[in-house]
Protein chains: 2
Amino acid sequence: MSSTTGSVGRAMSLRHSVLGLLALQPATGYELLQKFDNSLSHAWHASHSQIYPELAKLADEGLAEIVGEGPRRSKTYAITDAGREELRRWLSEVEPVRTSRNETAVRAFLVPLLPPEQQRPIWERELAYAEQNVRQLEGYAEVVPTSSPFRTNVDLGLRMAALIRDWIRERLDEVS
Amino acid sequence: MSSTTGSVGRAMSLRHSVLGLLALQPATGYELLQKFDNSLSHAWHASHSQIYPELAKLADEGLAEIVGEGPRRSKTYAITDAGREELRRWLSEVEPVRTSRNETAVRAFLVPLLPPEQQRPIWERELAYAEQNVRQLEGYAEVVPTSSPFRTNVDLGLRMAALIRDWIRERLDEVS
DNA sequence: GCCATCATGTAATTAGTTACATGATTAG
DNA sequence: CTAATCATGTAACTAATTACATGATGGC
């Protein structure tokens, strides 16, 4: 185990997102990919071409380990004690990077530059997306037990999605 | 003007963020840098080492132009008609990329993995940040006239920041 | 047998960060 | 005259996307 590269004190949200998802539950790379698009979609995104190499690196450094191999040559990874400690260290001791990137927000910011008749189809598209987003989160909220420590997370996501949806409705009303 | 690289139909939020800010008002690279950290901070982040080369490229491709040079060898850029058309095309015709990246959200998602006594200092730090964020946006809201088409944007940002602040307060109460 | 989906990987390119580097102006 | 901040740029590196590539399993 453990190669060279130093995980000193830098950002690396991908690494800690993966580690965090594994701390919740052991998973294959393929399953993690889906979690990034579900429970973590508002916070971070990762594609399979990032996830698989990252899992290999985590295993190499002893922060995760392969705990089983299933059909279709799938490998299930679990977090190790060293991985849990690294997660704690990152959450507690590494200064958070506060920058954020969200293309949808950039678009919403810039749409008012266009004349109203060009705005309307854009707000309609955004409303459709926002409504679908709320529905998806509502479905997700239904399966997360009230007792789960992550329940409040889902609730916040849902409230924010609803706020955005209502705001877009107002924008659409304004240009109609 | 106009070099090779094709701005076909891909993401490139940096480019369109810059173009959008220039559409609002001509600016120097240094001024854009500040706008990325103020009005656009919730949506996109860019550092000066990205902004200056991007401005050069935009000018090279005829989407922006230098309209004045000030003290300290500063150059003021403005959007051109071609740039405005490119912005319209991007907003209207390019399929939005819905992925988002926000380390603060990743952290908030993962904190419940830690035992309560380790959570408390983290929620305190997050609350301090969230409160400062609300204050900053309140200050910003004061200077944006009610008549501005971007006013609703500021309002949404403020409402979301307040929602997050209140949510963190609840988390802190839970572990105290 | 074949198609959809599950499942994993690598290579080439582009985007973004961090570090290096320098000069101009203003306030004290 | 000197320190802070304004102002711009490039180089080296790391992160992320897109494209290439392949194989396994289950349902029809």
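Letters go in sequence order (proteins before strands), and every chain restarts at 1.
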**Residues in salt bridge (charged side-chain N to carboxylate O under 4.0 Å, His left out) contact with A:R171, at least two apart in sequence or another chain** = A:E174

**Fill in**
Those residues at least two apart in sequence (or on a different chain) that pass salt bridge (charged side-chain N to carboxylate O under 4.0 Å, His left out) with A:R88 are A:E85, A:E93

**Request:** Using side chain to side chain contact (heavy atoms under 4.5 Å, CB included) as the criterion, list what pairs up with A:P145, not counting sequence neighbours.
**Result:** A:S147, A:S148

**Residues in side chain to side chain contact (heavy atoms under 4.5 Å, CB included) contact with A:A56, at least two apart in sequence or another chain** = none

**Prompt:** Are B:K57 and B:D60 ion-paired here, with the side-chain N under 4.0 Å from a carboxylate O?
**Reply:** no

**Prompt:** Near DNA chain C, which residues from residues 71-78 of chain A have a heavy atom under 4.0 Å away?
**Reply:** A:R72, A:R73, A:S74, A:K75

**Prompt:** Quick one, which residues of residues 20-30 of chain A touch DNA chain C with a heavy atom under 4.0 Å?
**Reply:** A:T28, A:G29, A:Y30

**Request:** Output all residues satisfying side-chain hydrogen bond (donor to acceptor under 3.5 Å, both in side chains) with A:R125, sequence neighbours left out; order by chain, then residue number.
**Result:** none

**Message:** So, using side-chain hydrogen bond (donor to acceptor under 3.5 Å, both in side chains) as the criterion, who are the partners of A:R165 when residues are at least two apart?
**Reply:** none

[X] [atom1] - [N] [atom2] separation (whole Å):
| X | N | atom1 | atom2 | answer |
| --- | --- | --- | --- | --- |
| B:L33 | C:dT17 | CG | P | 12 Å |
| A:Q34 | C:dT5 | CD | C1' | 11 Å |
| A:E54 | D:dT17 | CD | C1' | 16 Å |
| A:I51 | D:dT17 | CD1 | P | 10 Å |
| B:K57 | D:dG9 | NZ | C1' | 15 Å |
| A:Q50 | C:dG9 | CD | P | 15 Å |
| B:R101 | D:dA15 | CZ | C1' | 8 Å |
| A:L32 | C:dG9 | CG | P | 12 Å |

**Request:** Have a look at B:L14 and say if it touches a base, only the backbone sugar-phosphate, or nothing, with a 4.0 Å heavy-atom cut-off.
**Result:** sugar-phosphate

**Item:** A:Y52 side-chain N/O to C:dT8 phosphate OP1/OP2 under 4.0 Å
**Value:** yes

Side-chain donor/acceptor pairs under 3.5 Å, residues 149-161 of chain B, sequence neighbours excluded:
from   : atom 1 : to     : atom 2 : distance (Å)
B:R151 : NE     : B:D155 : OD1    : 3.3
B:R151 : NH1    : B:A141 : O      : 3.1
B:R151 : NH1    : B:V144 : O      : 2.8

Ignoring hydrogens and angles, write down the donor-acceptor pairs under 3.5 Å from the side chains of residues 29-39 of chain B, residues two or more places apart or on other chains.
from  : atom 1 : to    : atom 2 : distance (Å)
B:E31 : OE1    : B:T28 : N      : 2.9
B:N38 : ND2    : B:Q34 : O      : 3.1
B:S39 : OG     : B:K35 : O      : 3.4

**Request:** Could you grab the distance from atom CD of A:Q136 to atom CD of A:E138, nearest 0.5 Å is fine?
**Result:** 11.0 Å

**Asked** When you measure from every atom of DNA chain D, which of residues 36-48 of chain A have a heavy atom less than 4.0 Å away?
**Response** A:W44, A:H45, A:S47

Side-chain donor-acceptor distances from residues 110-123 of chain A under 3.5 Å, at least two apart:
from   : atom 1 : to     : atom 2 : distance (Å)
A:Q119 : OE1    : A:W123 : NE1    : 3.2
A:Q119 : NE2    : A:L114 : O      : 2.7
A:R120 : NH1    : A:V175 : O      : 3.1

